[in-house]
Amino acid sequence: FYKKQYNLMSILYLILHTEKQIDRYNNIMCSWGKNVDVLFYSDHEFENTIKVSNNNTYSSGQEKQINIINMFPKDRLNYDWYVFVDNDSFINTKKLEIEIVNFDVDNVYGQVCNCWDGDRSLHYCLGGAGICISNSNMRKIIGNLKHNNVIWSDVTLGINLRHCGIAMINNDLMHSQAPEFYHINDNDVINNISFHYITSYDRMYQLSEKCELI
């Protein structure tokens, strides 16, 4: 378990993971996750990794997302914010630390979309871009989330947050695709919070280096 003291807000990064992608664990722990507090939740136990499911397939997303919150370790309930991400997400932690000071603790933040065909009225935060949940909201939802008949972790979390009456707010600095999808060059990455689908070590390290996280 990796510890860092924050000047203003304490943040725990919770990373959706599987034993089948151990390379992605290394990608994060050798780059942006090196000097911040991280906790992987997975289908296996390892260093700073807790097991919340026996399922190591793509369909495990919903089960892992619900279980990590409903089974949330009490000794981790001392952070101001919890940021849920995928194991191929890049997080500019310095930029997030600056921006999160202005987040309203009553809301959840991320890149919001209504792209689930099962219910277009559902506006939810995309998991790959990161989902920021305050301590007070975590305490509201722990033990109260229900499994839904979907495989996507972000969709099932969105359904539950809507049921709990918690608003999900879009943040333009959080992205569910890689920088090139938005025509963002590497020099401008530092002005953004997150990007998704960063699967190689070299690219994760490169982005972290640009943001001076390593």
Side-chain angles (χ1 to χ4, degrees), residues 11-18 24 38-43 50 52-53 55 57-73 76-77 79-91 96 99-100 102-178 181-182 192-198:
I11 304 171
L12 178 63
Y13 296 89
L14 294 127
I15 303 165
L16 177 62
H17 188 47
T18 174
R24 297 189 182 181
V38 300
L39 182 63
F40 291 77
Y41 58 104
S42 182
D43 41 73
I50 61 174
V52 296
S53 170
N55 189 346
T57 70
Y58 183 79
S59 66
S60 67
Q62 175 192 217
E63 179 181 357
K64 289 174 179 174
Q65 182 71 77
I66 298 302
N67 287 349
I68 183 59
I69 294 176
N70 282 344
M71 301 162 47
F72 200 77
R76 302 291 197 269
L77 273 174
Y79 290 86
D80 295 311
W81 286 89
Y82 299 87
V83 180
F84 290 85
V85 301
D86 290 352
N87 64 4
D88 57 349
S89 299
F90 166 76
I91 306 296
L96 179 56
E99 297 294 328
I100 208 166
N102 299 314
F103 288 5
D104 187 333
V105 297
D106 292 331
N107 301 323
V108 167
Y109 292 83
Q111 182 186 351
V112 175
C113 79
N114 64 327
C115 46
W116 180 45
D117 288 336
D119 182 356
R120 289 290 181 173
S121 72
L122 176 68
H123 290 75
Y124 65 98
C125 297
L126 293 166
I131 303 173
C132 304
I133 303 179
S134 68
N135 183 287
S136 57
N137 275 333
M138 278 291 287
R139 291 176 181 272
K140 288 178 185 176
I141 63 178
I142 287 174
N144 295 318
L145 302 191
K146 300 183 184 304
H147 293 273
N148 301 283
N149 190 28
V150 294
I151 63 173
W152 299 282
S153 60
D154 48 12
V155 172
T156 196
L157 181 57
I159 292 171
N160 275 282
L161 291 175
R162 181 172 67 175
H163 179 75
C164 293
I166 297 174
M168 288 161 275
I169 307 299
N170 185 70
N171 186 290
D172 291 335
L173 303 182
M174 303 177 75
H175 306 291
S176 61
Q177 302 288 331
F181 180 88
Y182 307 96
N192 294 271
I193 291 174
S194 65
F195 294 99
H196 192 205
Y197 299 122
I198 312 300

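As a basis for the values below, the full set of heavy atoms in this structure was taken, side chains included, without hydrogen atoms, waters or symmetry mates. Nothing here was measured: the structure is a model prediction, and the numbers come from that model.
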Say you draw a straight line from [atom1] of [X] to [atom2] of [Y]; how long is it, rounded to the nearest 0.5 Å?
{"X": "Leu161", "Y": "Lys140", "atom1": "CG", "atom2": "NZ", "answer": "11.0 Å"}
{"X": "Glu99", "Y": "Asn171", "atom1": "CD", "atom2": "CG", "answer": "6.5 Å"}
{"X": "Ile100", "Y": "Ile193", "atom1": "CD1", "atom2": "CD1", "answer": "8.0 Å"}
{"X": "Ile133", "Y": "Asn107", "atom1": "CD1", "atom2": "CG", "answer": "12.0 Å"}
{"X": "Leu126", "Y": "Cys113", "atom1": "CG", "atom2": "SG", "answer": "4.0 Å"}
{"X": "Leu145", "Y": "Ile159", "atom1": "CG", "atom2": "CD1", "answer": "11.5 Å"}

Dump the intermediate steps for side chain to side chain contact (heavy atoms under 4.5 Å, CB included) on His196 and His175, then the final yes or no.
CA-CA 7 Å; His196 192 205; His175 306 291; over 6 Å; no
Establish, yes or no, whether a centroid distance under 6.0 Å links the rings of Phe72 and Tyr82.
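Between Tyr82 and Phe72, which both carry aromatic rings, the centre distance is below 6.0 Å.
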Taking the basic N atoms (NZ, or NE/NH1/NH2) and the acidic carboxylate oxygens, is any pair closer than 4.0 Å for Arg24 and Asp86?
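No salt bridge links Arg24 with Asp86.
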Under 3.5 Å, is there a donor-acceptor pair linking the side chains of [X] and [Y]?
{"X": "Gln111", "Y": "Ser176", "value": "yes"}
{"X": "Asn135", "Y": "Asn137", "value": "no"}
{"X": "Ser53", "Y": "Asn55", "value": "no"}

Closest heavy-atom pair and its distance - [X], [Y]:
{"X": "Gly130", "Y": "Val85", "value": "CA-CG1, 3.8 Å"}
{"X": "Arg76", "Y": "Leu12", "value": "CB-CD2, 4.2 Å"}
{"X": "Ile131", "Y": "Leu157", "value": "CD1-CD2, 3.9 Å"}
{"X": "Trp116", "Y": "Leu122", "value": "CE3-CD2, 3.8 Å"}
{"X": "Val112", "Y": "Cys125", "value": "CG2-SG, 3.9 Å"}
{"X": "Met168", "Y": "His123", "value": "CE-O, 3.3 Å"}

Please say whether more than 12 non-hydrogen atoms of neighbouring residues, nucleotides or ligands are located less than 6.0 Å from NE2 in His163.
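Counting neighbours around NE2 of His163, 12 or fewer heavy atoms of other residues, nucleotides or ligands fall under 6.0 Å, so no.
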Quick check on Asn149: does its CG atom have over 12 non-hydrogen neighbours (other residues, nucleotides or ligands) under 6.0 Å away?
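No.
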Output all residues satisfying salt bridge (Lys or Arg N to Asp or Glu O under 4.0 Å) with Arg139, sequence neighbours left out; order by chain, then residue number.
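Partners of Arg139 by the salt bridge (Lys or Arg N to Asp or Glu O under 4.0 Å) criterion come out as none, since no residue qualifies.
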Can any side-chain N or O of [X] pair as donor or acceptor with the backbone N or O of [Y] at less than 3.5 Å?
{"X": "Tyr41", "Y": "Val52", "result": "no"}
{"X": "Asn87", "Y": "His17", "result": "no"}
{"X": "Ser194", "Y": "Ile91", "result": "no"}
{"X": "Asn148", "Y": "Val150", "result": "no"}

Sub-4.5 Å side-chain heavy-atom contact between [X] and [Y]:
{"X": "Asp43", "Y": "Thr18", "answer": "yes"}
{"X": "Ile50", "Y": "Ile68", "answer": "yes"}
{"X": "Ile151", "Y": "Thr156", "answer": "no"}

Which residues pass the ring pair (Phe, Tyr, Trp, His ring centres under 6.0 Å) test with Phe103, not counting sequence neighbours?
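Residues passing ring pair (Phe, Tyr, Trp, His ring centres under 6.0 Å) with Phe103: Trp81, Tyr109.
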Output, in order, the C-alpha distance, side-chain angles, deciding distance and verdict of side chain to side chain contact (heavy atoms under 4.5 Å, CB included) for Ser153 and Glu63.
CA-CA 8 Å; Ser153 60; Glu63 179 181 357; over 6 Å; no
Parallel, tilted or perpendicular: which fits the ring planes of Phe90 and Phe195, with parallel below 30° and perpendicular above 60°?
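The arrangement is parallel - the two ring planes meet at less than 30°.
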Could you please spell out the steps behind the side chain to side chain contact (heavy atoms under 4.5 Å, CB included) verdict for Asp119 and Arg162?
CA-CA 12 Å; Asp119 182 356; Arg162 181 172 67 175; 2.9 Å; yes
Tyr58 vs Trp152, side chain to side chain contact (heavy atoms under 4.5 Å, CB included): CA-CA, chis, key distance, verdict
CA-CA 9 Å; Tyr58 183 79; Trp152 299 282; 3.5 Å; yes
For a side-chain contact (heavy atoms from CB on, under 4.5 Å) with Phe84, tell me which candidate from Asp154, Val108, Ile69 qualifies.
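Answer after filtering Asp154, Val108, Ile69: Ile69.
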